[in-house]
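Naming convention: chains lettered A, B, ... in sequence-line order (proteins, then strands); numbering from 1 in each chain.
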Amino acid sequence: MTIISIEDAGKYEGQEATIRGWLYNLRESGKLMFPIFRDGTGIIQGVCALKENPEAFEALKGLTQESSVIVTGKIRAEQRAPGGFEMGVSKIQVLQKVSEAQPYPIQLKEHGVDFLLDHRHLWIRTPRQASILRIRAEAIRAARNFMDSQGYILTDAPMFTPAACEGTSTLFEVNYIDDQKAYLTQSGQLYIEATAMALGKVYTFGPTFRAEKSKTRRHLTEFWMLEPEAAYAELGDMMNLAEGLVSAVVQSVLKNKSREVELLKRDTKKLEKVKPPFPRISYEEAIGILNKHNNPTKFGDDIGGDEETIVSNEFDRPVMVHRYPASIKAFYMQPDPERPDLALAFDMLAPEGYGEIIGGSQRIHDYDLLVKRLHEYKLPEEPFQWYLDLRRYGSVPHAGFGLGLERTVAWICGTEHIREVIPFPRMIYRVYP
RNA sequence: UCCCCGGUAGCUCAAUGGUAGAGCGUUCGGCUGUUAACCGAAAUGUUGGAAGUUCGAAUCUUCCCCGGGGAGCCA
């Protein structure tokens, strides 16, 4: 018997086929039953009549949600069935029946956030969550494809680091070997600056960790970041790369995961517009927009969540804000030669209030200036000696950025919270399951 | 660290200081085209914890615990 996946069921219309999966729901109607099966690729309705298949009917009767089953039957087009196809069940093998005493906890109805997060290992079985995880996978595939196509080499950064990239208050400290202290990485940036000097154009993609005490829909303590870095690149080069990357990811998801996007009921019209060029405005122009909307932000203030939304609502695609005051940015950012009080940095703000998905900058390549900045930011010189070496031995202008994967996928999926777009979210005060 | 909201049946929620309830899920029964099916019946409670006010507290007060949203910080 041909084993098929539910997403391909339409191709087997009129044929007998076998599906290996789980019982998603069961509607009983006297001598007729409508089981719904899922197999990880989709859901399909089955039909089973007592008169035609008494054995299968008996096996299905009273079967509990999420029981594992192997079912065989004829696939047929049926307008009354969700999805347009259904299976006339002729044979069913129950691998495990879920106990009535401990029924599957997640019902086909609304649940609270706390309950769902405590059952995240089961929650991911629901069609919506499974679709989101498929879109995440597509976003990663598309992002890596794009970077590879641009000649960027994947160079992995370490998870254990001896010091902070930016400040020390939000680091996870771990005991390394022989009572040495180490920290979980907040960013691979410093390391890919080194690999960029070795290989030219590089990127890293992996988890990063921040012990920020943030409890918002935009924060995770463990999140994935894609960070490109290129030797001889300047700020404008990175903005070009960033808009190319983001549009490639969005367009790939629309093209290759249309079924999943549709299941999420995402308004794709807004996503279809996400193509270069993206608008670029300076920090000072952003302040102007805010003041126009009666927001009191002034030069030198950081742009917070509400402010990001006001600015991004002016545009129909992601907007890049560049040249922030150096005083509110990280120590390693290159000053604008024409305005030394500004840093050659940029953020990309996603539309619809999803906020910052990219932060990047040109890096300081001058040794003396970098040392001066380390002192100004009260950072110790010693752990950064290797980093200073990059400015001792053939230093060149270079630039890069970091793309927050979960924020990007949350925006593409239109989810309310980024915890839904990672299989097992890690948040402040929540590490189970 | 700070501000706001919440915690009642397995789940989602009601209950104006006066007998703790409904829907879903579970169990039993009915139904040959259901769409989170429907109809009938049953079982299910330390109202997050402690103390206080009161004749009487799920409800009011204080403290603690847990969760959610946000600020700061950031992707």
Residue pair A:Met238 / A:Ile358, side-chain heavy-atom distance below 4.5 Å
no

Please work out if A:Glu28 contacts a base, only the sugar-phosphate, or nothing of the nucleic acid, heavy-atom cut-off 4.0 Å.
base

Would you say A:His417 places a side-chain N or O within less than 4.0 Å of OP1 or OP2 belonging to B:rG69?
yes

Return yes if the base of B:rG72 and the side-chain atoms of A:Ser214 contain a donor-acceptor N/O pair under 3.5 Å, otherwise no.
yes

Check this for me: does any side-chain nitrogen of one of A:Arg218 and A:Glu406 sit under 4.0 Å from a carboxylate oxygen of the other?
no

Can you find a donor-acceptor N/O pair under 3.5 angstrom joining the side chain of A:His111 to the base of B:rC11?
no

CD of A:Glu262: more than 12 outside heavy atoms within 6.0 angstrom?
no

Whichever of A:Pro82 and A:Met427 has its nearest RNA chain B nucleotide further upstream toward 5':
A:Pro82

Using a cut-off of 4.0 Å on non-hydrogen atoms, how would the nucleic acid contact of A:Glu86 be classed: base, sugar-phosphate, or nothing?
base

Strictly below 4.0 Å: does A:Arg430 bring a side-chain N or O up to OP1 or OP2 of B:rG68?
yes

Where the side chain of A:Leu117 is concerned, which of B:rC74, B:rG33, B:rG68 is the nearest nucleotide?
B:rG68

Taking atom types as modelled, is there a side-chain donor on A:Asp306 or A:Thr309 under 3.5 Å from an acceptor on the other?
no

Aromatic ring centroids of A:Phe205 and A:Trp224 under 6.0 Å?
yes

Between B:rG21 and B:rU47 - C1' atom distance, rounded Å:
12 Å

Counting heavy atoms not belonging to A:Phe299, are there more than 12 under 6.0 Å from its CZ?
yes

Check: A:Arg27 side chain, B:rC31 base, donor-acceptor under 3.5 Å:
no

Is the phosphate of B:rG67, meaning OP1 or OP2, less than 4.0 Å from a side-chain N or O of A:Arg419?
no

What's the closest nucleotide to the A:Val113 side chain, out of B:rG33, B:rA75, B:rG68?
B:rG68

For nucleotides 20-29 of chain B, give me one character per nucleotide, 5' to 3': B if any protein heavy atom sits under 4.0 Å from the base, S if the only such contacts are to the sugar-phosphate, - if neither.
---BBSSS--

Does B:rA71 have OP1 or OP2 under 4.0 Å away from a side-chain N or O of A:Arg218?
yes

Hey, does A:Ile358 reach any base, or is it just sugar-phosphate, or nothing, if we go heavy atoms under 4.0 Å?
sugar-phosphate

Taking the side chain from A:Asp301 and the backbone from A:Lys298, do they hold a donor-acceptor pair closer than 3.5 Å?
yes

If we ignore hydrogens and angles and just use 3.5 Å, is the side chain of A:Arg136 paired with the main-chain N or O of A:Val421 as donor and acceptor?
yes

Distance between the C1' atoms of B:rA42 and B:rU32, in whole angstroms?
27 Å

Only one of A:Asp341, A:Asp347, A:Asp302 forms a salt bridge (Lys or Arg N to Asp or Glu O under 4.0 Å) with A:Lys329, so which one is it?
A:Asp347

Categorize A:Gly112 for me: base, sugar-phosphate, or nothing, with a 4.0 angstrom heavy-atom threshold over every strand shown.
sugar-phosphate

Please give the distance between the C1' atoms of B:rA20 and B:rA15 as a whole number of Å.
7 Å

Runs of at least three Watson-Crick or G-U pairs with RNA chain B, cut-off 3.5 Å:
B:1-7 with B:65-71, B:10-13 with B:21-24, B:26-30 with B:38-42, B:48-52 with B:60-64

Regarding A:Phe115, tell me which of base, sugar-phosphate or nothing describes its non-hydrogen contacts under 4.0 Å with the strands shown.
sugar-phosphate

What nucleic acid atoms does A:Asp347 come within less than 4.0 Å of, heavy atoms only: base, sugar-phosphate, or nothing?
nothing

